[in-house]
Amino acid sequence: MKDKFYAYIEQLQDTITSKLEEVDGSAKFQQDFWERPEGGGGRTRVIANGAVFEKGGVNISKVFGELPESMQKYFGVSDADFFACGLSLVLHPKNPMAPTVHANWRYFEMYNKDGEIVDQWFGGGQDLTPYYLFDEDATHFHTVSKTACDAHNPEFYSAYKKKCDEYFWNSHRNEARGIGGLFFDYCKASDTMQMEDWYNFVTDVGDSFLEAYVPIIQKRKNLSFTKEQRDWQEIRRGRYVEFNLVHDKGTLFGLRTNGRIESILMSLPPHVQWRYNHHPDKGSQEEKLIEVLQKPKNWV
């Protein structure tokens with residue numbers, strides 16, 4: 001399963017980066033390889049200063065070896081080895097009318113000292129972070145995500161949409177990071193879903209990403225905007241940074257397993273503002289966004 005899934009994310013990285021270069025029309029992804037001394041490594045692809053994307057990354061990695069002590073405590077195990085692989089992407093468009101997007105699809109195995117698999121699971125999801133809210137964009141992103149889920153279980157979308165709203169919650173701000181999407185984790189074999197079934201589900205979600213995001217970015221990338229709207233984008237990016245550094249489990253896992261710091265922090269936008277006690281004007285489009293972030297809604 002680990003070889004099969006890693007081969008899938010290698011292919012998916014190629015598919016996504018090729019399409020995003022086409023969308024940008026100017027910048028190309030720069031690629032580099034890295035190795036983890038304890039075992040494994042990855043292939044990082046970063047785009048910057050493009051016509052559409054100010055910064056973005058589409059990265060794959062596989063890491064393995066002895067589970068670090070901090071993670072042994074987290075999982076409640078001892079003397080365990082592990083294997084983890086996944087694709088993680090974040091795209092920060094220049095235009096504040098175009099949303100930031102994040103996605104991740106991953107697989108994890110844990111072994112005893114005899115090398116036998118004692119646990120395995122899939123995880124992942126995709127979520128949208130707009131700076132200006134277009135209801136039709138939110139509906140499109142969620143509809144595509146729901147279609148991918150419905151092919152496997154009619155209850156998946158509502159369950160994983162709810163988990164997404166709960167997970168990407170900046171509790172110290174009492175607001176969501178964005179308008180959600182899907183989030184699932186610890187997807188293990190059960191009476192109704194074998195690991196092969198989970199593989200089919202996760203890869204269908206991965207395959208849906210470009211359909212979910214590209215029509216939105218195509219529609220918004222050339223809209224006009226003001227300096228004030230750009231300032232608002234940078235202020236909201238600050239909240240994105242806060243979530244990733246304070247709450248995000250993937251970031252913490254990478255740091256605790258001696259992952260490559262440049263790849264881990266690839267998700268951080270290049271231009272950000274933190275203004276003291278900033279609040280949007282009453283009745284503004286900026287306030288409309290905040291209202292939805294404070295009380296997540298159902299889009300489909």
Side-chain angles (χ1 to χ4, degrees), residues 4-36 40-63 84-95 98-107 122-129 141 144-145 148 168 177-178 181-184 202-218 220-221 237 240-241 243-244 248-251 253-254 259-270:
K4 182 178 180 180
F5 188 68
Y6 189 71
Y8 167 75
I9 60 175
E10 283 186 303
Q11 168 267 315
L12 185 62
Q13 185 189 38
D14 290 341
T15 300
I16 290 175
T17 55
S18 176
K19 182 62 179 180
L20 294 177
E21 286 180 347
E22 178 186 321
V23 169
D24 190 274
S26 173
K28 300 292 185 181
F29 279 89
Q30 302 302 307
Q31 174 173 281
D32 64 308
F33 297 87
W34 58 274
E35 293 184 359
R36 176 177 176 268
R43 185 171 72 185
T44 296
R45 291 181 183 171
V46 173
I47 193 169
N49 302 314
V52 175
F53 299 111
E54 188 167 11
K55 183 184 177 186
V58 182
N59 302 338
I60 60 173
S61 65
K62 58 177 176 182
V63 295
C85 70
L87 184 155
S88 183
L89 70 84
V90 178
L91 299 166
H92 293 290
K94 282 185 174 180
N95 194 317
T100 283
V101 71
H102 159 258
N104 172 264
W105 305 282
R106 57 192 179 273
Y107 176 69
F122 284 101
Q126 52 200 35
D127 60 281
L128 202 65
T129 302
F141 190 86
V144 172
S145 298
F168 292 105
R177 189 178 77 174
L182 302 174
F183 180 82
F184 43 88
V202 173
T203 55
D204 275 357
V205 174
D207 291 343
S208 78
F209 170 76
L210 289 173
E211 181 187 353
Y213 184 62
V214 169
I216 296 172
I217 195 73
Q218 294 280 33
R220 308 301 171 194
K221 66 180 183 178
R237 282 176 171 181
Y240 196 93
V241 171
F243 178 86
N244 282 29
D248 187 64
K249 293 178 182 177
T251 302
F253 178 81
R260 182 176 186 249
I261 192 68
E262 289 298 321
S263 297
I264 296 167
L265 299 184
M266 168 277 299
S267 62
L268 304 185

Asker: Which is it for Leu128 and Ile216 under the side chain to side chain contact (heavy atoms under 4.5 Å, CB included) test, yes or no, and what are the steps along the way?
Answerer: CA-CA 10 Å; Leu128 202 65; Ile216 296 172; 4.0 Å; yes
Asker: With no hydrogens and no angle check, is any side-chain donor or acceptor of Glu21 less than 3.5 Å from a backbone partner on Phe29?
Answerer: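 Pair found, side chain donor or acceptor close to backbone of Phe29.
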Asker: I'd like to know if the side chain of Thr15 and the backbone of Gln11 have a donor-acceptor N/O pair within less than 3.5 Å.
Answerer: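 Yes, the answer is positive, given that a donor and an acceptor are paired below the 3.5 Å cut-off.
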Asker: Kindly say whether Val52 contributes a backbone atom to a donor-acceptor pair with the side chain of Asp24 at under 3.5 angstrom?
Answerer: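 Present.
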Asker: Check for me whether the distance between the ring centres of His102 and Tyr240 falls short of 6.0 Å.
Answerer: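 Distance test on ring centres: not under 6.0 Å, no.
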Asker: Is there side-chain contact between Glu10 and Ile60, with at least one heavy-atom pair below 4.5 Å?
Answerer: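 Side chain of Glu10 against side chain of Ile60, heavy atoms only: contact under 4.5 Å found.
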Asker: Can you check whether Phe243's main-chain N or O pairs, donor with acceptor, with Asp248's side chain at less than 3.5 Å?
Answerer: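 Side chain of Asp248 to backbone of Phe243: no pair is present.
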Asker: Could you check Val23 against Gln218 for side chain to side chain contact (heavy atoms under 4.5 Å, CB included), going step by step and ending with a plain yes or no?
Answerer: CA-CA 7 Å; Val23 169; Gln218 294 280 33; 4.0 Å; yes
Asker: How far does OG1 of Thr44 sit from CD of Glu262, to the nearest 0.5 angstrom?
Answerer: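 Rounded to the nearest 0.5 Å, the OG1-CD separation comes to 9.0 Å.
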Asker: Looking at Thr100, is its backbone amide N or carbonyl O close enough to the side chain of Arg237 to form a donor-acceptor pair, meaning the two atoms are under 3.5 Å apart?
Answerer: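 Absent.
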Asker: Without swapping roles, check the side chain of Tyr213 against the backbone of Pro99 for a donor-acceptor pair under 3.5 Å.
Answerer: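 Yes: the side chain of Tyr213 pairs with the backbone of Pro99.
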Asker: Under 3.5 Å, is there a donor-acceptor pair between the side chain of Asn104 and the main chain of Leu87?
Answerer: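 Answer holds: yes.
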Asker: How many angstroms lie between CD1 in Ile47 and NZ in Lys55, if you round to the nearest 0.5 Å?
Answerer: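 Between atom CD1 of Ile47 and atom NZ of Lys55 there are 13.0 Å.
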Asker: Would you kindly say whether Gln31 and Thr17 are connected by a side-chain donor-acceptor distance under 3.5 Å?
Answerer: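 Short answer, no.
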Asker: Determine whether a donor-acceptor pair (N or O, by modelled atom type, separation under 3.5 Å) exists between the side chain of Lys19 and the backbone of Val214.
Answerer: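 Looks like no, no N/O pair under 3.5 Å.
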Asker: To the nearest 0.5 Å, what is the distance between CG (Asp204) and CH2 (Trp105)?
Answerer: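 Nearest 0.5 Å value for the CG-CH2 distance: 12.0 Å.
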Asker: Say you draw a straight line from CZ of Arg260 to CG of Leu265; how long is it, rounded to the nearest 0.5 Å?
Answerer: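 It is 11.0 Å, given to the nearest 0.5 Å.
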Asker: Look at Asp14 together with Arg45 and state whether they make a salt bridge at an N to O cut-off of under 4.0 Å.
Answerer: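 Looking at Arg45 together with Asp14, the answer is yes, because their closest N to O distance falls below 4.0 Å.
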Asker: Work out which heavy atom in Gly50 is nearest to a heavy atom in Ala27; give both atom names and the distance.
Answerer: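 Taking Gly50 first and Ala27 second, the nearest heavy atoms are CA-CB, 3.5 Å.
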Asker: Work out which heavy atom in His92 is nearest to a heavy atom in Leu268; give both atom names and the distance.
Answerer: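 Smallest heavy-atom distance, with atoms named: NE2-C, 4.1 Å.
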Asker: Can you tell me how far apart CD (Gln126) and OG (Ser208) are? Round to the nearest 0.5 Å.
Answerer: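 Interatomic distance, Gln126 CD to Ser208 OG, rounded to 0.5 Å: 4.0 Å.
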Asker: Can you give me the closest heavy-atom contact between Glu54 and Pro270, atom names plus distance?
Answerer: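 Nearest heavy atoms, Glu54 then Pro270: CG-CG, 3.7 Å.
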Asker: Grab the two heavy atoms, one from Pro269 and one from Val241, that are nearest each other, plus how far apart they are.
Answerer: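 Where Pro269 meets Val241 most closely, the heavy atoms are CD-CG2, 3.5 Å.
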Asker: Provide the closest heavy-atom pair for Asn244 versus Ser267 in the form atom of the first, atom of the second, distance.
Answerer: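 Closest approach of Asn244 to Ser267, heavy atoms only: ND2-OG, 2.8 Å.
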Asker: Measure the CZ-OG distance between Phe209 and Ser145 for me, rounded to the nearest 0.5 Å.
Answerer: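 These two atoms lie 10.0 Å from each other.
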Asker: Of all the heavy-atom pairs spanning Cys85 and Lys62, show the shortest one and how long it is.
Answerer: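 Distance-wise, the nearest heavy atoms are CB-CB, 3.7 Å.
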Asker: Is the side chain of Tyr107 donor-acceptor paired with the backbone N or O of Phe5 at a distance under 3.5 Å, no angle test?
Answerer: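 The answer is no, because no donor-acceptor pair under 3.5 Å joins these two groups.
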Asker: Does the Gln13 side chain pair with the main chain of Arg43, one donor and one acceptor, at a distance under 3.5 Å?
Answerer: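 Indeed, once roles are kept as given, a pair shorter than 3.5 Å links the two residues.
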